[in-house]
Undergrad: 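Here it is, the structure in full.
Per chain, numbering begins at 1; letters A, B, ... match sequence-line order. Since this is a predicted model, take the numbers as computed values, not measurements.
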Amino acid sequence: MDPSRLTRVDETTWRIEPTGLMRVPGILYADEALIRGMDDKVYEQTANVATLPGIVQGAFVMPDAHWGYGFPIGGVAAFAPEEGGVISAGGVGFDISCGVRSMHTGLTVADIRKAQVPLADALLARIPAGLGSQSGISLSRHDMEAMLHGGAVWAVKEGWGESKDLERIEEGGRMAGADPGCVSARARQRQRREMGTLGSGNHYLEVQAVEEIFDDRVATAFGLAPDAVLVTIHCGSRGLGHQIGTEFLRDMLPAASAAGIRLPDRELACAPIDSPVGQRYLGAMRSAINCALANREILGHFAREVFAAVFPGSTLDLLFDVSHNTCKVETHVVDGQPRRLFVHRKGATRAFGPGHADLPEALRRVGQPVLIGGSMGTGSHVLVGAGSGEERAFSSACHGAGRAMSRHAALRRWQGRAVIDDLRRRGILVRSASLRGVAEEAPGAYKDVDQVVLAAERAGLARRVARLRPLICIKG
DNA sequence: ATGTTC
């Protein structure tokens, strides 16, 4: 993206001035190099989102943004129902409630080095990964209903997790307002045997070491110390979320037309929040959020089983579990007034600052952990929500490194085996169901995650707490 | 992201 097309507000804030049908400006948070690296499609898609009815303040773009379906990935947009605001399946994304959870292991890098190969092999054997992967769990009709209502609370009741996990999961582990009656038979069918599975693409389970601390006080509050080892899981709502996204993208097109909404791009299909389709999507999407929360809780349980076997007596305590593909009803102060808004975050992480009432007691004073997954081999980050993030982008931050290159281009450039060998020489063991998947996810196909989180910090979206480097990566 | 084609 050519920066001269934008108005530069400060070092890390850029505006697309409203023209034509745009109701609000586009507001991009990134340094100049990241802006230059962004696809022109991000500009076009941001301007398109800014035309949607009821959008409040701006169409926001995080520093890791790239071209997505309709809305950019790394986009945040909030809509007011009383102003004809809309909800959009493309504004949430196909992988509804895709997110990241990190768990403390209580172990150090030296402990892992003693058992790195058997640990990697045991994780690969226990964590179902890859397209269409299954875990051996099969849900009855009744189980499915309970899961879609109960999320991680359901998973804990079923024995896959610990009740103390729940306060460290967004929404206390259970998204209210889920309506499983809005989830099609086909979506349920696709999910019946997919609970407790990673899936494919950029989803992973990693064993990571704390490599660098940026903020001692917050790191201590989060339980992060140099050399400490974490397990981090990145995955979402699998086939169920994808099916819901597919069905509602289809159903929202006529709904938008019926509501008299002019769409600059069919992929922006949306429905008024108060319309029947809009309400059905909310009921289904919230069910999918519960599916993702339950899925990550079950995978966390599997990881606990493996660690208990390889390191007898070890326990995994949850640091936090947060989604980056959702639409949430939140109250935000706009022009001095608290407003109830439908906040779409697509490839953007909720990042509540210190004192937020929705944070658990143990974290309220410091702020919410913002878990940022990097690519294989390049490391990940833990950030903390900042008070300034509230007015910058409705308390949102980046979600990862963000792709710098298409999967197709990555396949032309790298071979999966060579990527694995290269990472092994750097002390990182990769275990994957798919060599093709490894090539698509080669570290070089991603932006520099360090540059992304630094830009997020400079923009006041969140602050850096710790950098993590991978030791083992189980890829889908 | 995705039973990579309803």
Side-chain angles (χ1 to χ4, degrees), chain A residues 41 45 64-75 88-100 128-139 144 183-205 233-251 253-254 266-267 269 284-285 288-289 291-293 295-296 299 323-327 344-349 373 375-376 399-403 405-412 416 432-441 445-446 474-476:
Chain A
K41 274 282 182 182
Q45 293 191 322
D64 53 336
H66 54 110
W67 179 10
Y69 187 96
F71 288 56
I73 296 165
S88 169
V92 172
F94 279 92
D95 191 5
I96 297 167
S97 198
C98 182
V100 182
L131 195 64
S133 52
Q134 301 185 353
S135 65
I137 296 172
S138 175
L139 302 189
M144 180 65 70
V183 177
S184 70
R186 191 167 186 178
R188 291 157 185 255
Q189 179 57 32
R190 285 182 66 171
Q191 195 58 32
R192 219 162 86 77
R193 299 175 192 280
E194 286 197 341
M195 295 309 295
T197 65
L198 270 184
S200 66
N202 64 357
H203 290 170
Y204 59 77
L205 178 148
I233 294 166
H234 175 212
C235 68
S237 52
R238 306 288 288 107
L240 181 129
H242 188 265
Q243 186 64 29
I244 290 170
T246 303
E247 290 169 8
F248 279 93
L249 279 166
R250 180 195 65 205
D251 295 348
L253 209 53
R266 285 168 56 92
E267 293 184 0
M285 180 205 59
I289 289 177
C291 176
L293 297 181
N295 193 31
R296 289 197 290 272
L299 284 162
S323 302
H324 48 235
N325 282 4
T326 58
C327 178
H344 294 64
R345 294 188 182 92
K346 179 187 189 180
T349 311
S375 62
M376 296 179 297
H399 83 304
R403 289 200 81 89
M405 186 184 292
S406 71
R407 293 185 176 279
H408 189 72
L411 278 176
R412 281 200 305 260
S432 177
S434 160
L435 284 176
R436 178 197 170 103
V438 170
E440 289 179 350
E441 294 293 321
Y446 279 82
I474 309 297
K475 291 291 289 184

Undergrad: Pair A/His399, A/His234 - check ring-ring contact (aromatic ring centres under 6.0 Å, His included), show working.
TA: CA-CA 11 Å; A/His399 83 304; A/His234 175 212; 7.4 Å; no
Undergrad: Output the rounded distance in Å from CG (A/Asp95) to C1' (B/dT4).
TA: 14 Å
Undergrad: Taking CD from A/Glu440 and P from B/dT4, how many angstroms apart are they, rounded to a whole number?
TA: 14 Å
Undergrad: Could you tell me how far apart A/Ile96 (CD1) and B/dT2 (C1') are, to the nearest whole angstrom?
TA: 12 Å
Undergrad: Roughly how many Å is it from CZ in A/Phe94 to C1' in B/dT5, rounded to a whole number?
TA: 14 Å
Undergrad: Can you tell me the distance, in whole Å, between the CZ atom of A/Arg407 and the P atom of B/dT4?
TA: 15 Å
Undergrad: Identify whether any heavy atom of A/Gln243 sits under 4.0 Å from a base atom; if not, whether one sits that close to sugar-phosphate; answer base, sugar-phosphate or nothing.
TA: nothing
Undergrad: Out of A/Phe248, A/Tyr69, A/Phe71, which residue meets the ring-ring contact (aromatic ring centres under 6.0 Å, His included) rule with A/Phe94?
TA: A/Tyr69
Undergrad: Nearest whole angstrom, please: distance from the P of B/dT2 to the CD of A/Gln189.
TA: 17 Å
Undergrad: Return the value, rounded to whole Å, for the distance between atom NE2 of A/His242 and atom C1' of B/dT5.
TA: 12 Å
Undergrad: Using atom CZ of A/Arg238 as one end and atom C1' of B/dT4 as the other, report the distance to the nearest whole Å.
TA: 13 Å
Undergrad: Just jot down the ring-ring contact (aromatic ring centres under 6.0 Å, His included) partners of A/His344, sequence neighbours excluded, or say none.
TA: A/Phe79
Undergrad: Ignoring backbone atoms, test whether A/Ser200 places a side-chain nitrogen or oxygen under 4.0 Å from the OP1 or OP2 oxygen of B/dT2.
TA: yes
Undergrad: Determine the contact category for A/Arg186: base if any of its heavy atoms lies under 4.0 Å from a base atom, sugar-phosphate if only primed atoms, P, OP1 or OP2 are that close, otherwise nothing.
TA: base
Undergrad: Assign each of A/Leu131 and A/His234 to its nearest nucleotide of DNA chain B by heavy atoms, then name whichever residue's nucleotide is nearer the 5' end.
TA: A/His234
Undergrad: Can you tell me which residue among A/His203, A/His324, A/Lys346 is in a side-chain contact (heavy atoms from CB on, under 4.5 Å) with A/Asp95?
TA: A/His203
Undergrad: Between A/Glu441 and A/Thr246, which is nearer to the 5' end of DNA chain B once each is assigned its nearest nucleotide?
TA: A/Glu441
